[in-house]
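As the structure is a computational prediction, the values presented were derived from the model and not from experiment. Below, read A as the first sequence line, B as the second, and so on, with proteins coming before strands; counting in each chain starts at 1.
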Amino acid sequence: MNIVKLKSRVSIIWPPLVIGIGILALWEGAVVLFEIQEFLLPKPSSIWTELQNNWEILRHASWETGKMALGGLAIGIVAGVTFAFFATLFRFLNEGLTPLAVAVNATPIVALAPIFNAWFGVTGSVSNQLVVATVVFFPVFINTAKGLTEVHVNEIELMRSYAAGDWTILKEVRIPNALPFFANALRVVAPLSVIAAIVAEYFGGPQDRVGYVITSNAGLARYDVAWAAIAVASAFGLSLFVGALLIERVSTPWKSAVQLEETTKK
Amino acid sequence: MNEKSAISINSVDKVFNEAREDEVIALSNIDLDIKEGEFVSLIGPSGCGKSTLLRLIGDLLEPTKGSVEVFGKSAHQARVDQDYGMVFQHAGLFDWRRVSANIELPLELHGWSKADRSTRSQEMLDLVKLPDFGSYYPRQLSGGMQQRVSIARALSFKPKLLLMDEPFGALDEMTREHMQIELLRIWEETGTTVVFVTHSIPESAFLSNRVVVLSPRPGQVHSVIDVDLGKRSESTRQDSNFFAAATEIREALRAVEEQE
Amino acid sequence: MNEKSAISINSVDKVFNEAREDEVIALSNIDLDIKEGEFVSLIGPSGCGKSTLLRLIGDLLEPTKGSVEVFGKSAHQARVDQDYGMVFQHAGLFDWRRVSANIELPLELHGWSKADRSTRSQEMLDLVKLPDFGSYYPRQLSGGMQQRVSIARALSFKPKLLLMDEPFGALDEMTREHMQIELLRIWEETGTTVVFVTHSIPESAFLSNRVVVLSPRPGQVHSVIDVDLGKRSESTRQDSNFFAAATEIREALRAVEEQE
Amino acid sequence: MKTAKAIRVILTVAVVIVFLVLLWEGYKWMGQKTDDHWPGTNFGLPIATNDTIMPHFVDVITELNADIRDGRSTMPMYAFLLKKAWFTFQEAAIGFILGLTIGMSLAILMSRWKVSERGLLPWINVSQTIPLIALAPVVVTWGRNQGLSDLISISLISTYLTFFPVAVSGLRGLQSPDSAHVELMHSYAASWRTTLFKLRLPAARPFLFPALKLAGSLSIVGAIVGEISIGRKTGLGRAILEYALRYAIFPERLYASVIGAAFLGLLVFGMINLAERYFMRRTREVAS
Amino acid sequence: GSDDEASVGTGDCDSVDSVTLQLQWFAQAQFAGYYAAEDGGIYDNYCLDVTIMEGGVDIVPQQQLASGAADFAVSWVPKVLVSNEQGMNLVNVGQVFQRSGTLQVSWADSGINSPADMAGKTVGNWGWGNEFELLAGARQAGLDPATDFNLVQQGFDMLGLLEGEMDAVQAMIYNEYAQVLEAINPATGELYTADDMTVINWNDEGTAMLQDAIWADGDRLASDEAYQDITTRFVAASLEGWAHCRDHSDECVEHVLNNGSALGTSHQTWQMNEINALIWPSPDGVGMIDADQWAQTIDVVTNYGDLEAVPAEDAYTNEYAEAANDILDSKGISTTGSDWTRATVTLNEGGE
Ligand SMILES: Nc1ncnc2c1ncn2[C@@H]1O[C@H](COP(=O)(O)OP(=O)(O)OP(=O)(O)O)[C@@H](O)[C@H]1O
Ligand SMILES: Nc1ncnc2c1ncn2[C@@H]1O[C@H](COP(=O)(O)OP(=O)(O)OP(=O)(O)O)[C@@H](O)[C@H]1O
Ligand SMILES: [Mg+2]
Ligand SMILES: [Mg+2]
């Protein structure tokens, strides 16, 4: 039993490890082999060195940026889910809200950041978190709304036979049905939140943030330090992604219960 | 059984995709009265509109023409009053709920306490002979087992009106006969009204007070056959009246088929 | 029918979710040999492993223990050679394909020309008595109609081995008898081998050369009953040999039930 | 029927917009009356209401008609924005098509082999945490050394953003078919490719289209960010950046160009919606 | 190319060399000299076909130059010096701006008249190396930037000042400073005036650093004779362009606007005037590097920036600027601009 579990653990971990190491090796090799100048693309080993040299700064910066990302993520998810609920409860709203959400989403961060900075100032954290929230909002909204609306007729009919109201149908059918869709959105949004936080930081705010560390070092062509900061941010984004996967697993237990058998056969 | 009307269907038509090239007249000019406490079966060739009729009664579809009344009120009101228990042709279990939670769903909606619910769901699991499967997910069960769970779900809260669409179709003969006896027992105990769709002639004869034979394209009531076998028991299946009723139904169905 | 082995199942076990708390031993120590051109039915209580056995033969599941050979090769090879036609317990039609396109799917995969495909799909629609429904979408059909489409799909390309899981479960008696006769006709014409899961004792007796009775938990072969009724026709249903076979099967099933 | 629905959609959108404009102007009016405080309190409003922070809606609209000098010619702002939007659209279109191709290829690869899903998916996610500032120079220098026009480099940046949702949701969609359907295809010994085309891709559509809508927006964002990153003269990104730098004195122009970007996004969204309708028309018919 | 020294800059070409120039930012009067040389035919006279590449948010000119994507780049001295420590070998071949254009701007009523007055205030800066002068100036005034005032990243516009979020913000004299003067003062309904503000000018505080210069690739300069020749002509032609803008500033504003600047005419006119003020007069000749200024720049970057070591002597050379001055002299063009005088530019609302 434990052997089985261990085996499945190992089989989950080795592929990303192998590919990750492969990418790094290729990268390192390519830089050395093609004599790519390090001020264009630094070697992973130089990045690693700079990561250690600047660890204190980077750790602090990623913590500060992480707070922005998480805060914005939370706001964006809550807003996205709330709007998705409204959009399912009131169809007409859906028709009005969707294009609007699209419009907001098509506005790049670089345009939003100055506006939000103007509104909320650059010295606080509201502006940056709202930038993140805006980016997070759309995928959550679209996916969740889809999951809430595209429910199997049979299931709705059953609930209607119980005279279940909209609210109960929402709770018993639509929400469980939307969970995989929501999880899908989470996967997309987790890394996006980090990048949004970083880009928002280009446009103002305290200077002990990852975004600033990256831009200021890149501006001076110190790309090894910039990439070290990126590596820290990536690690943070990756851990958010893993968190999203965990939430997915925990919130859809019926999938893992049956899937095991379905996937044995290829 | 008393003489109060449970269901009254008045000149009902149902047309799908009206005025489109794939228009289907599923039901045409249906008149039917079902008394409270009656057990009525619907039988007829595949595609003749049995499921559609059941869904009209259950207010899951609206008639294109005519009206459906249930317990003296509109079908809609009856549904809102939670008078219905339904078993669909497809088991229609929720993948994300364990078997026992599926059975408890209508009880939850009726506001039962947690303890009562779990007692009842275990009772129902025993009834459908799946005592140990409460903690499984539906996808882990065989087709027949899923169907039984869906029956357990419909019976669990003793509805005033039971609408069952080929509930025993996926069951083996033994289980089926067991379920028939159990269904009759519940029906007698609770005085519930049952509308039952089936393809099995013996089943319809064994269970019902009346058998409604539908003819297809468009679905119409071909004939209504009264079955009077008194209180059913296993021995009823050997009863000559039972064979007579079955033969009468078979002949009506033959006539329907030939007419086609 | 000749004496070459079509399917040979050797000491097969199937365990789901091995070593987990919801482990199920679905089949245990199954031995079974089916000759080429034979028509074999599987019958047994709900949940005894019939569908699982069928899926093992069809190489949709792998046995936990033992081996399955089909036409002298591994089940896998037989599947790759496109020897199989399957009808599942649920119709399993593709919602996004029209009825005729659903029937043509295996033909497409076998590389038939467009013209041949549409001729054949119309033939099959006639066979299952749905001549006018080719351009409908599956969701627009009744349950029984969907099941018939799925049968038409499996028969369309005359597979060497037909695996059918309660194909007639959702059909009314008339259609069912019609489909039985048609199935037998196709079987005789093409010399195909059929493994047929059913819950109906008369159906199994009417169709098969042999009936395999399974006992549940864990699924095991309880007995194998030979049925020798010669060439079937409508009158076979009144034949005394037919009743005798049915009775023998019923008794075996009773025994299985009691053992439970 | 269909036109009635279209009219209703347009009306609701209009109503929502009118509502938002009223909200904006109402809030502004209130702030101007109370010197940026909640009425009757000492609590400051979260957003200041002066004409710089919150220009009047009419001023933003009027600004669309203002003369803008673009190089040697002068034109009204709306024409200027249209011209810029057309460049951005081209970059985005190339980026979108490339992103779609790469994303779907990855999704198919990952759905083919579980190992490749396990191995690739985390890194596909990591890729999105790498800000463009690190990549843009690599892309543009590489592109310039290959003799590619900067338009291609910008499209590549746009691709970098678009491929991601396609890959992730595409994978989900490809994995979505019922096990019964997968088994059916197995029973036909359908090759992996056949199963892909006959079953997995059709079944993936409900997952794919929301992703494409997201990718469509992202392709615009990517093109705009690319323009800003590598300094291409043409395109909306340039306009947005220049007006963002001068927000303090010309807020209306930034809002106007942001509205331009939003409209471009809506246009792309509409195009993808049309495609969705076309590809999903069969399933829709039954639902009605 | 043309080998004959005497004929340089006369338009007598045997062949034409293609050259790319990477700017730091978008087309604006800050780069008017190059646009004037290109559009006014000066580069043609020097047998050069120049492609001017505008900068972008993520474009680092040094990197474009070092990686071979550009032949020359315009960038600030401190930034290139730090970049050189990353393995680049870039050489300053023409120090166009003789003075720093960076200001620290406050409202007149804020009481900030000198670096020392920033104590306890909220001070904005752009970062990215723009803060070195500020840090040096503050330190020189006895302030510890880490504790004595609140240093924040400001946006790229002047909202931090206009909305009162910050007490002192960074501004380029030729750009952001003008933005304030183009904005309406809500109190008066008129444009703000210079009297509304106080400025700290780092040139006056002695912590200014050298800014826009023309950079060439050191490795190629050392080994490639053709590149040396091109560099000579490119520097001379560019400086001639700048001299042209000194004498015909309106024409140069027009060149810039023709190249697609989104900034208005009065703003560019202002900018042209201020840029001229950063270049002229050039007492040692245009493009020449003053050794003291160079040393001061290195001093500031080493102490307040990230320069680790004093760069080698060959990080700049006056060789090309001297040659250019000779050519300009021979064409009768003033190289010092000693008689240049600042014009009075009226800014319109929004810089239109
Ligand atoms: N995917 C699965 N995961 C776990 N258990 C399963 C799975 N599929 C089947 N089982 C179990 O295997 C046993 C046999 O199931 P199977 O579907 O073969 O029964 P059956 O004989 O076809 O029944 P029915 O007549 O009701 O269709 C059942 O107990 C069922 O719960
Ligand atoms: N949603 C729908 N859209 C269009 N046509 C429909 C729809 N539902 C049912 N029909 C049509 O209505 C007719 C009756 O269908 P119904 O499901 O009531 O038949 P049934 O008697 O239950 O058949 P079965 O015994 O096969 O389940 C059929 O011809 C079917 O094609
Ligand atoms: Mg039906
Ligand atoms: Mg089964």
Original post:
Tell me, side chain or backbone of E:Asn125 under 4.5 Å from chain A's heavy atoms, or both, or neither?
Top reply: both
**OP:** Kindly check if the number of other-residue, nucleotide or ligand heavy atoms within 6.0 Å of CD (E:Glu163) is above 12?
**Re:** yes
**OP:** Please indicate whether A:Gln52 has more than 12 foreign heavy atoms, meaning atoms of other residues, nucleotides or ligands, lying under 6.0 Å from its CD.
**Re:** yes
Subject >> Proximal component of A:Ala118, with respect to chain E [non-hydrogen, under 4.5 Å] >> reply: both
**OP:** Identify the heavy atoms of A:Tyr212 and E:Trp126 that sit nearest to each other, and give their distance.
**Re:** CE1-O, 4.3 Å
Subject >> 4.5 Å side-chain heavy-atom contact, E:Gln63 and A:Tyr223 >> reply: yes
Original post:
Below 4.5 Å, heavy atoms only, C-beta onward: do E:Gln86 and A:Leu220 meet side chain to side chain?
Top reply: no
Subject >> Under 4.5 Å from a heavy atom of chain E, the part of A:Gln37 involved >> reply: side chain
Subject >> Greatest number of heavy atom pairs closer than 4.5 Å to chain A - which of E:Val152, E:Leu159, E:Ile59 >> reply: E:Val152
Original post:
Roughly how far apart are A:Asn117 CG and E:Glu165 CD, rounded to 0.5 Å?
Top reply: 8.0 Å
Original post:
Would you find more than 12 non-hydrogen atoms of other residues, nucleotides or ligands less than 6.0 Å from A:Trp48 atom CH2?
Top reply: no
**OP:** Identify the heavy atoms of A:Ala221 and E:Met88 that sit nearest to each other, and give their distance.
**Re:** CB-CE, 3.4 Å
**OP:** Grab the two heavy atoms, one from E:Gly87 and one from A:Phe39, that are nearest each other, plus how far apart they are.
**Re:** O-CE2, 3.9 Å
Subject >> Residue A:Asp224 versus chain E: region with a heavy atom under 4.5 Å >> reply: side chain
Subject >> Interface moiety of E:Glu131 toward chain A, non-hydrogen atoms closer than 4.5 Å >> reply: side chain
Original post:
More than 12 heavy atoms of other residues, nucleotides or ligands under 6.0 Å from CD1 of A:Ile57: is that the case?
Top reply: no
